[in-house]
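See below for the structure under consideration.
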There are 2 protein chains.
Amino acid sequence: MSFAETFKALSDPARRKILLMLREGKLSAGEIGSHFDMTGATVSYHLSVLKKADLVYETKQKNFVFYELNTSVFEEIMLWFAQFKGEKSDETE
Amino acid sequence: MSFAETFKALSDPARRKILLMLREGKLSAGEIGSHFDMTGATVSYHLSVLKKADLVYETKQKNFVFYELNTSVFEEIMLWFAQFKGEKSDETE
DNA sequence: TAACTATTTAGATTATTTTCTAAATAGCTG
DNA sequence: CAGCTATTTAGAAAATAATCTAAATAGTTA
């Protein structure tokens, strides 16, 4: 995973909204798209960005493509942020 | 603070590098710029993006402008990510 | 297999972002 | 105040990203 790709993926509001939607479980591309005012092609583009960033993965059932959160990458991002937590040499409290 | 702005700010590698540099303490715009192969004007642009996202703040001393991490925003981002932690109804372990 | 449904890919267009050069601002120092 | 040093702002050019329409793929079902 590259942080560049991950943060790029997170930098778009539509993509963040998709991630939030997926918290409740997997959704098909069509179900995801129905919440947006953009074409299916554009939604598909955003899903591919999330997929390349490993933030989601897909599974196929019948002629549907389901998307699901890949929580392990979230853990890694949390670790990146943890780098910024605390310990400046002369912390007051 | 808006997550849109924050994630946008984090999506650029130069800006992430700046943040990492600032972990050790405040640095002037010039010191920051010396680590990059870009003009001072471009560095200044990146600093302004980080500043608008509240990821850093500036203080002035003599004719220097010092930049410093604003750790409180990092806490808020961690909270955003925490939304994705755990509890899918049927968690196994 | 033909028509249908769901989704993706291609290619073009538009919008946004990054970067540069040149000029402007601002504080300092002789 | 004149000339420095440090940094920012303006404006333009180049690069990247988001979006659309139209066409392609793929699986489904009558």
Side-chain angles (χ1 to χ4, degrees), chain A residues 1-22 24-70 73 77, chain B residues 1-22 24-70:
Chain A
M1 182 209 51
S2 97
F3 286 111
E5 248 175 1
T6 309
F7 284 116
K8 267 282 168 54
L10 288 169
S11 73
D12 182 89
R15 293 193 291 259
R16 286 196 302 280
K17 185 174 165 187
I18 290 171
L19 293 174
L20 289 169
M21 286 168 46
L22 292 176
E24 304 306 324
K26 66 180 71 166
L27 292 172
S28 71
E31 288 169 319
I32 293 167
S34 73
H35 290 81
F36 291 94
D37 187 19
M38 41 172 89
T39 65
T42 299
V43 172
S44 182
Y45 159 75
H46 285 302
L47 289 169
S48 80
V49 173
L50 289 169
K51 200 166 53 184
K52 268 186 234 138
D54 284 327
L55 285 161
V56 303
Y57 55 91
E58 65 178 33
T59 51
K60 301 184 185 190
Q61 266 180 60
K62 307 186 63 181
N63 48 347
F64 296 85
V65 180
F66 285 92
Y67 286 89
E68 196 164 355
L69 284 184
N70 178 7
V73 173
I77 302 166
Chain B
M1 183 209 51
S2 97
F3 286 111
E5 246 174 3
T6 309
F7 284 116
K8 268 283 169 55
L10 288 169
S11 73
D12 182 90
R15 292 193 292 259
R16 285 196 302 281
K17 184 174 165 186
I18 291 171
L19 292 175
L20 289 169
M21 286 168 48
L22 292 177
E24 305 306 322
K26 66 181 69 165
L27 291 172
S28 71
E31 288 169 318
I32 292 167
S34 72
H35 290 81
F36 291 93
D37 187 21
M38 40 172 89
T39 65
T42 299
V43 172
S44 182
Y45 159 75
H46 285 303
L47 288 169
S48 80
V49 172
L50 290 170
K51 200 166 55 185
K52 270 186 233 138
D54 284 328
L55 285 161
V56 303
Y57 55 90
E58 64 176 36
T59 51
K60 301 184 184 190
Q61 265 180 60
K62 308 185 59 181
N63 49 346
F64 294 86
V65 179
F66 285 90
Y67 286 88
E68 195 164 357
L69 283 184
N70 177 7

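Quick note on labels: first sequence line is chain A, next is B, and so on, each numbered from 1. Heavy-atom basis, side chains included; hydrogens, waters and symmetry copies ignored.
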Next item on the list: Identify whether any heavy atom of B/Ala41 sits under 4.0 Å from a base atom; if not, whether one sits that close to sugar-phosphate; answer base, sugar-phosphate or nothing.
Entry: base

Note to self: Tell me the closest heavy-atom pair linking A/Leu69 and A/Tyr57, and the distance in Å.
What the structure shows: O-CE2, 3.5 Å

Notebook entry, point to check: Taking NZ from A/Lys8 and P from D/dA15, how many angstroms apart are they, rounded to a whole number?
Noted result: 15 Å

Notebook entry, point to check: Is the shortest side-chain N/O distance from A/Thr42 to OP1 or OP2 of D/dC20 below 4.0 Å?
Noted result: yes

Quick one: side chains of residues 32-47 of chain B, donor-acceptor pairs under 3.5 Å with protein atoms, not counting sequence neighbours, listed by atom name and distance.
{"from": "B/Ser34", "atom 1": "OG", "to": "B/Glu31", "atom 2": "O", "distance (Å)": "2.7"}
{"from": "B/His35", "atom 1": "ND1", "to": "B/Glu31", "atom 2": "O", "distance (Å)": "3.0"}
{"from": "B/Thr39", "atom 1": "OG1", "to": "B/Thr42", "atom 2": "N", "distance (Å)": "3.2"}
{"from": "B/Thr39", "atom 1": "OG1", "to": "B/Thr42", "atom 2": "OG1", "distance (Å)": "3.1"}
{"from": "B/His46", "atom 1": "ND1", "to": "B/Arg15", "atom 2": "NH1", "distance (Å)": "3.1"}

Check: Got a donor-acceptor contact below 3.5 angstrom from the A/Asn70 side chain to the A/Asp54 backbone?
Finding: yes

Item checked: NZ/B/Lys17: more than 12 non-hydrogen atoms of other groups inside 6.0 Å -> yes

Next item on the list: Might you point out which heavy atoms bring A/Phe3 and A/Ile77 nearest each other, and give the distance in Å?
Entry: CE2-CA, 4.2 Å

Check: On DNA chain C, which is the earliest and which the latest nucleotide, 5' to 3', with an atom closer than 4.0 Å to a heavy atom of chain B?
Finding: C/dT17 to C/dT29

Margin query: What's A/Gly40 touching, base or sugar-phosphate or nothing? Going by heavy atoms closer than 4.0 Å.
Written below: base

Next item on the list: Would you mind telling me which of D/dA10, D/dC20, D/dA18 lies closest to the side-chain atoms of A/His46?
Entry: D/dA18

Margin query: Please find the pair of heavy atoms, one from A/Ala53 and one from A/Val73, that lie closest to each other, and give the distance.
Written below: O-CG1, 4.2 Å

Note to self: Quick one, A/Ile18 with A/Leu27, criterion side-chain contact (heavy atoms from CB on, under 4.5 Å). Give me CA distance, side-chain angles, the key distance, then yes/no.
What the structure shows: CA-CA 10 Å; A/Ile18 290 171; A/Leu27 292 172; over 6 Å; no

Next item on the list: Classify the nucleic acid contact of B/Ser28 as base, sugar-phosphate or nothing, counting any heavy atom under 4.0 Å across all strands shown.
Entry: sugar-phosphate

Checklist line | Shortest non-hydrogen separation from A/Phe66 to A/Ser28 and the atoms involved | finding: CD2-N, 3.5 Å

Note to self: If you take any heavy atom closer than 4.0 Å to DNA chain D, which residues from residues 59-67 of chain A end up in contact?
What the structure shows: A/Lys62, A/Asn63

Notebook entry, point to check: Once you round it to whole Å, what is the distance between P of D/dG11 and OH of B/Tyr45?
Noted result: 17 Å

